[in-house]
Amino acid sequence: MTPPAFIDFSAPSVEVAQALIGSTLLVDGVGGRIVETEAYDHDDPASHTFSGPTKRNEVMFGPPGRAYIYRSYGIHWCLNFVCQAEGHGAGVLIRAIEPVAGLEIMRARRGLHEERLLCAGPGRVCQALGITNAHSGMRVDTHPFQLSVPEGRIRTLAGPRIGITKATDVPWRFGLSGSPFLSRPFR
DNA sequence: TAACCGATTAGCT
DNA sequence: GCTAATCGGTTAA
C-alpha cells in the first residue's frame, strides 16, 4: 500500500492505526519508527471510552490528533493518539517503536537494556521517550512531538489485540512486517 | 475486582 | 533457550 502524505486523525481509528505503521515519532528529538499499534473504536468494549467520559479519558472526547496518556496497572504510562471527535472517543495505542534517534538518552531512561527491548511495549515506549501525563492533551504533530510519514511502501501485519478480555476477535493490532522490535510476534 | 503492562523469578525443554 | 506465575499502584465499573 502507498502511505498517505499525512496522517488524518479524523479517519476511523483502524485506518489511522494502520497508517501510523512505519511513521517516525520523536519527542524532543528522541524516538524512532512506529512498528506496532492497536486501534480502539468508540463502540468498542475494550476501549476506555466505551462507558463514556471520565476524568481520566476526557481528552479522548476532545479534538483528534492529541495525545491521550493513561496510567496502566498503576505503574506504567501508555500513549494513545486521539482519532475522532464529536463525542465518540476513539484512539490508537502506540505499542512499539524501532529506536532511531537519541539511543543513549533512551538507554539511560530505561536503564541498561538491549536495543530490541528499549521501546517494545506501550509502557516501555513512554519510559524511553520520556512521556508522562504532562503530555496528555498535547497535539502530536507539533513541539515537543514530531511525526513524519514514511517514504517507501510499508508491509503491515494484523492480528488480535493484546492484554484485553473483550472483543478479542477483531484484528485491530497492526505491526511492521518482519520488524524485530515488536512487543510480541504476529502469527 | 479487573484492567490497553513490565521486571523478575521459577520451572521447564 | 523458552513459558508461566507473581507482584506492583491507580482508576473506575
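Keep in mind it's a predicted model, so treat the numbers as computed, not measured. In what follows, chains are A, B, ... by sequence order, proteins preceding strands, each numbered from 1.
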Test the Arg139(A)-Phe145(A) pair against the cation-pi criterion, namely NZ or CZ under 6.0 angstrom from the six-membered ring centroid and within 45° of the ring axis.
no

Just by protein heavy atoms under 4.0 Å, how would nucleotides 1-13 of chain C read 5' to 3' in B, S and -?
-------BBBSSS

Approximate separation, where rounding is to 0.5 Å, of Met60(A) CE and Ser13(A) OG
8.0 Å

Derivation of the ring pair (Phe, Tyr, Trp, His ring centres under 6.0 Å) call for Tyr70(A) and His48(A):
CA-CA 10 Å; Tyr70(A) 68 92; His48(A) 284 176; 4.5 Å; yes

Which ones in residues 92-104 of chain A lie close to DNA chain B, meaning a heavy atom under 4.0 Å from one of its atoms?
Leu93(A), Arg95(A)

In a check of side-chain contact (heavy atoms from CB on, under 4.5 Å) between Leu79(A) and each of Leu129(A), Ile69(A), Val92(A), which one passes?
Ile69(A)

Pair Asp169(A), Arg161(A) - check salt bridge (Lys or Arg N to Asp or Glu O under 4.0 Å), show working.
CA-CA 8 Å; Asp169(A) 51 332; Arg161(A) 295 176 291 182; over 6 Å; no

With Phe81(A) via ring-ring contact (aromatic ring centres under 6.0 Å, His included) - residues at least two apart
Phe9(A)

Using side-chain heavy atoms (C-beta onward) and a distance below 4.5 Å, is Glu115(A) in contact with Leu103(A)?
yes

Using the closest heavy atom to pick a nucleotide of DNA chain B for each, name whichever of Leu117(A) or Ile162(A) lands nearer the 5' end.
Ile162(A)

Can you list, in residue-number order, the parts of residues 164-174 of chain A that come under 4.0 Å of DNA chain B, counting heavy atoms only?
Ile164(A), Thr165(A)

For DNA chain C, what dot-bracket results from Watson-Crick or G-U pairs at under 3.5 Å, with [ ] for crossers and | for inter-strand partners?
||||||||.|||.

Check the side chains of Gln127(A) and Arg109(A) for a donor-acceptor pair under 3.5 angstrom, ignoring hydrogens and angles.
no

pair Val16(A)-Ile7(A): side-chain heavy atoms closer than 4.5 Å
yes

Between Leu117(A) and Phe181(A), is there a shared hydrophobic cluster once you connect ILVMFWY residues whose side-chain heavy atoms come closer than 4.5 Å?
no

Earliest and latest nucleotide of DNA chain B, 5' to 3', sitting under 4.0 Å from a non-hydrogen atom of chain A?
dA3(B) to dA7(B)

If the glycosidic angle is within 90 degrees of 0 it's syn, otherwise anti, so just tell me which one dG9(C) is.
syn

Contact class for Arg184(A) vs. all strands (heavy atom < 4.0 Å): base, sugar-phosphate, or nothing?
nothing

Would you call Thr168(A) and Thr165(A) a side-chain contact if the rule is heavy atoms closer than 4.5 Å?
no

Provide the distance between the two P atoms, one in dT13(B) and one in dA5(C), to the nearest whole Å.
15 Å

Pair Arg95(A), Ser183(A): side-chain N/O donor-acceptor within cut-off below 3.5 Å
yes

Using a 4.5 Å cut-off on heavy atoms from C-beta on, say whether the side chain of Pro144(A) contacts that of His135(A).
yes

Consider only side-chain heavy atoms of I, L, V, M, F, W and Y, link residues closer than 4.5 Å, and tell whether Val100(A) and Leu118(A) are in one cluster.
no

Would you check if Met138(A) and Arg66(A) make a side-chain contact, meaning some heavy-atom pair closer than 4.5 Å?
no

